[in-house]
Amino acid sequence: TIGDVLSRYKIQKGFNVLHPMGWDSFGMPAENAAKSNNLDPKIWTEENISVMKSQLEKLGLSIDWDREISTCSPKYYKHQQKFFLDLYEKGLVYRKENYVNWDPVDKTVLANEQVINGKGWRSGATVERKKLNQWFFNINKFSDDLLNDLESLENWPSKVKTMQKNWIGKSFGCELDFEIQGNSKVNKIKCFTTRPDTLFGMSFLAVSVDHPIAKFYKDDKDFESFRKECSKTGTTEESIAQAEKLGFKTNLTAINPLDKSKEVPVYFANFVLMDYGFGAVFGCPAHDQRDLDFALKYKLEINPVVKPAEEDNNFKVDKIAYTGPGVIFNSKFLDNLKVPEESIISTIEILEKDKIGKKKINFRLKDWGVSRQRYWGCPIPIAYTKKKEIKKVPIKQLPIKLPENIKLNVSGNPLDHQEDWKKIIIDGEECTLETDTLDTFVDSSWYFLRFCSPKNENEGFSIDDVNYWMPVDQYIGGVEHAILHLLYSRFFTKALSYQNNEFKISEPFQGLFTQGMVCHETYKIENQWLNPEEVTSNNGKDYYLKKDTKKKVIVGPSESMSKSKKNTIDPEKMVESYGADSVRFFILSDSPPEKDVQWSDQGMQASYKFTQKFWNLNTELKKIINRNNKKNSKENKTNVEMSTFTNQIIKKITYNLENFHYNVIVANFHEIYNFLNKLKQHEISNIEDFKQNYINILVVMNPVLPHLISECLSELEVKNTSFWPEINTKYLEEKSVNIVIQINGKKRDLINCDKNISEEELFEKLKAKEGLRKYFKGKQIIKKIYVKNKIVNFILK
RNA sequence: GCCCUCGUGGUGAAAUUGGUAGACACAAAGGACUUAAAAUCCUUGCCGCUUGCGGAGUGCCAGUUCGAGUCUGGCCGAGGGCACCA
């Protein structure tokens, strides 16, 4: 509805508007639903699409159905496979072993969201960490661009930009090598740090259990049990947060590169991540809380090297690490450097000069793993030779279509069992197809480009179309896409334009609006969710089962509508009972579009009443207009009122449309009704003028209530309705203004006078005011503030 | 723990740059029309005396200002994001 209002408005303003709709139709829900109902995912998906499409059509949305696309169609994913190969050639796609959440019962990889309390959401089995060969997109390559270009996105909510910024997580520091003693095969361990200036406070070195040096301990039973302990807490977020810092002391020691006389123990530690930095950190307990917790547990030294102020020479750290600004001390040649502005840069310079380390920028952003061991997704256009070499599937052999009518209830990836499908001949050589499919986020990372050329069979998009339409002027979506989808789409756009002189779009979405959800209360009885249609209430507080009104229903909080909680309203039924415009009007009326809407029958009925009332009013106004057909060109008072109101309301509605204040537009419509409903009782002398104003009002109401308004306009026999009225500023010039009279900053009166009244004249008027005298009695005016046409404030003593 | 956003009547909410707080609606109460209902329209809305007027008032405490829902600092509360990121 929000998008439809916008596109109708822009069309009326004369823009060429592309307002498409498509179906992001691959993914787990279809596969799982098909599995449990013994259906083909394709049929299940197509049925859903047709239901949803008919719902959207009934709402009367101005969608260009000629451009409809569906990501599960080979016509769409054929091009996606080409893009995959294109990125592969550019070196933006690679295959690597990585840890994944592995469900040992279902034999599949799970996304983090599918791991609940450490267990697989379907099987209930304890999830394991497993190393698997996976396909990755090198999103990291664009870390800097993805971060810096956020600044150019002026029409994005800053909330989303901040979230992306934190997600990318750029940090400045240095890498440095530590000399290691105790094992002749380990000479050095490389660490990344943002605080090289605290190096003199180092009291241990910790590495991840997945660090390459772990191989020297694989026969140590104690280490193996420690490693298992770590991987148990490894993947779920909550457990990480609660996890205690655990260490396994090795026989190794590390030498402080700035003070070779100092040796510290080397630990394996559960808090060190292999996939950030180099999987190794040096610990400075005095100035890092995590290091301090570890040091306290294993009774390691705590050596402060930053003091808050010059004079704090005996500064000590007890249970809370000091991470604030200050001055370096206890650090020989680094002493007296100011923290942080001098200390970090200076230390890096010293480390670089001595060839111990070098400046480095690290990103939290990890490369995007796109492999899924699932059937219902886009096949990856790669095959393997008998020698396990990677072969690209030649373009002329694309698309690699998914096999149809296959058995889904098998363990692991159903495609793995498709022996015939897997066989492919490439350049005369017999190969085996990749059975992983692409993450559905890949499908949604470029669909906006496809909308520009939805029927182009040779290419995913044609460059001319894309240059004409892109970037998307206004993107509307839920805030839940703030990071994943919106970041992936930004990456994909950059990846396509990389090494491509024709495609020069660097950002896909110029404007972003994050809208709220439609919510409804939830109802439950004996642990079963109930649909709102199954319950009834006579006071709006206590709810009962419709079938058995003695049974009380438990009312839960309002949540965004979902099938699983059954708190949904069928839009088709609503449209049938109230009409599409009333439904739109209600959705917009309740809250600002960025906030959630609470669905209520009362609100729905109120909106329905409004559309009925307005239709009746239109019938009355039509009669007035037709009855009074004699020509009288003279404007009377009512005509002037009408013109003034019309121009004011056009201005307001235009402003509110431009700024997404759609709920205020609903208020504007009530104003219109209330005004016209009163005005109709008055004598109108120039009926033609009145009619023109009324048409203009109807025209600006059109984006919100398109069906009703188009009917009203055709009743008046208006032919051209697709325009946006110009504002006649003559009627916006107010002849008189209301001036607020304040005394000592408090409002005491309101006075209506001519616009641009002089200060002297105004004060003369005020003197005559009976009601104000009492305030001035026995007081002296020490100051007068007069803001022209607005306010006057007297300071009395 | 860190980061972000937000606190306005019984409810959803308005309030373009600091300048009439509560537009517009929902719910409630009262009234008009009607035999009655529906529909429609009007009034009320916190505290005090009750034509009218006076007072308090935008989470709490302070500050800046002639003037603060709006700006600054601190606190309290709610929601969202991230999370051993070195």
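To find a chain, count down the sequence lines: A is the first, B the second, and so on, and within it residues start at 1. Note that this is a predicted model, so its numbers are computed, not measured.
With salt bridges taken as basic N to acidic carboxylate O contacts below 4.0 Å, one links A:Asp275 and A:Lys366. A salt bridge links A:Lys170 and A:Asp144; the closest N-O separation between the charged side-chain nitrogens and carboxylate oxygens is under 4.0 Å. The pair A:Glu671-A:Lys652 meets the salt-bridge criterion, since a charged nitrogen lies less than 4.0 angstrom from a carboxylate oxygen.
The ring-ring contact (aromatic ring centres under 6.0 Å, His included) check on A:Phe248 picks up A:Phe223, A:Phe226, with sequence neighbours excluded.
Per the geometry, CZ belonging to A:Arg748 stands 14 Å off C1' belonging to B:G67, to the nearest Å. Distance CG (A:Leu365) to P (B:C85): 17 Å, rounded to an integer number of Å. Atoms NZ (A:Lys784) and C1' (B:G67) sit 18 Å apart, rounded to a whole Å. Atom-to-atom, CD1 of A:Ile743 to C1' of B:C66 comes out at 13 Å; the value is rounded to the nearest Å. Rounded to whole Å, atom P of B:A38 lies 14 Å from atom CD of A:Gln605. For the pair A:Gln602 CD and B:A25 P, the interatomic distance rounds to 16 Å; values are reported in whole Å. In this structure, CD1 of A:Ile168 is placed 14 Å from C1' of B:G81, rounded to the nearest angstrom. If you take NZ of A:Lys190 and C1' of B:A86, they are 15 Å apart, rounded to a whole angstrom.
A:Leu766 places a side-chain heavy atom less than 4.5 Å from the side chain of A:Val792. Within the 4.5 Å cutoff, the side chain of A:Phe513 has heavy atoms near those of the A:Pro593 side chain.
In this structure, A:Tyr673 reaches the sugar-phosphate backbone alone: every heavy-atom distance under 4.0 Å involves primed, P, OP1 or OP2 atoms, never a base. If you check every strand for non-hydrogen atoms under 4.0 Å, A:Tyr608 touches nothing. Heavy atoms of A:Asn674 sit under 4.0 angstrom from primed sugar atoms or phosphate atoms, though from no base atom. A:Lys613 comes within 4.0 angstrom of sugar-phosphate atoms only, judged by non-hydrogen atoms across all strands, and of no base. The residue A:Val272 sits close to a base: some heavy atom pair falls under 4.0 Å.
The side chain of A:Trp167 lies closest to B:A83, out of B:C41, B:C66, B:A83. Considering only the side chain of A:Lys783, B:C66 comes nearest among B:A25, B:C66, B:A86. With distances taken from any side-chain atom of A:Phe271 to the nucleotides B:C84, B:C85, B:A86, the minimum falls on B:C84. Picking from B:A86, B:C84, B:C41 the nucleotide with the shortest atom distance to the side chain of A:Asn677 gives B:C41.
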Please tabulate, one pair per line, each protein N/O and nucleotide N/O from nucleotides 3-7 of chain B that are separated by under 3.5 Å, including the distance.
residue	atom	partner	partner atom	Å
B:C3	O2'	A:Asn166	ND2	3.4

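Remark: the separation of the P atoms in B:A15 and B:U65 is 29 Å, to the nearest Å. Separation of the C1' atoms belonging to B:G9 and B:U44 is 14 Å when rounded to the nearest angstrom. Rounded to whole Å, the C1' atom of B:U17 lies 36 Å from the corresponding atom of B:A27. Remark: the separation of the P atoms in B:C71 and B:G81 is 26 Å, to the nearest Å. B:G19 and B:U58 have their P atoms separated by 16 Å, given to the nearest Å. For the P atoms, the distance from B:G10 to B:C47 is 10 Å, rounded to whole Å. Going from the P atom of B:C6 to that of B:A13 covers 14 Å, rounded to whole Å. Rounded to a whole angstrom, the distance from the P atom of B:U70 to that of B:G7 is 10 Å.
With its glycosidic angle within 90° of 0, B:G9 adopts the syn conformation.
With no hydrogens or angles considered, no side-chain donor-acceptor pair links A:Asp590 and A:Asn663 at under 3.5 Å. No side-chain donor from either of A:Thr619 and A:Asn616 sits under 3.5 Å from a side-chain acceptor of the other. A side-chain donor from one of A:Ser582 and A:Thr611 sits under 3.5 Å from a side-chain acceptor of the other.
Counting atom types as modelled, A:Lys245 pairs a side-chain N or O with a base atom of B:C84 as donor and acceptor under 3.5 Å.
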After noting the C-alpha distance and the side-chain angles of A:Ser171 and A:Tyr276, does the key distance pass the side chain to side chain donor-acceptor pair (under 3.5 Å) rule?
CA-CA 11 Å; A:Ser171 51; A:Tyr276 186 79; 3.0 Å; yes

Verdict with reasoning, A:Glu521 to A:Ser558, per side chain to side chain donor-acceptor pair (under 3.5 Å):
CA-CA 4 Å; A:Glu521 278 178 335; A:Ser558 186; over 6 Å; no

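When atom types are taken as modelled, the side chain of A:Gln605 and the backbone of A:Tyr578 share no donor-acceptor pair closer than 3.5 angstrom. At least one donor-acceptor pair closer than 3.5 Å links the side chain of A:Asn567 to the backbone N or O of A:Ser562.
Counting only Watson-Crick and G-U wobble pairs whose two key distances fall under 3.5 Å, RNA chain B forms stems of three or more stacked pairs at B:1-7 with B:76-82, B:10-12 with B:24-26, B:28-32 with B:40-44, B:46-49 with B:52-55, B:59-63 with B:71-75.
Contact check, A:Tyr775 against B:G54: a side-chain N or O comes under 4.0 Å of OP1 or OP2.
Residues of residues 275-292 of chain A having a heavy atom closer than 4.0 Å to RNA chain B, listed by number: A:Tyr276, A:Val281, A:Arg290.
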Counting primed atoms, P, OP1 and OP2 as sugar-phosphate and everything else as base, the B/S/- map of nucleotides 12-23 of chain B against protein heavy atoms under 4.0 Å is SSSSBB-BBS-B

What side-chain donor-acceptor pairs closer than 3.5 Å can you find for residues 200-210 of chain A, not counting sequence neighbours?
residue	atom	partner	partner atom	Å
A:Ser203	OG	A:Glu301	O	2.9
A:Ser208	OG	A:Asp210	N	3.0
A:Asp210	OD1	A:Tyr99	OH	3.1
A:Asp210	OD2	A:Arg129	NH2	3.4

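Judged by the 6.0 Å distance and 45° axis criteria, A:Lys359 is not positioned over the aromatic ring of A:Phe172.
The aromatic rings of A:Phe585 and A:His670 lie tilted to each other, with the angle between the two planes from 30° to 60°.
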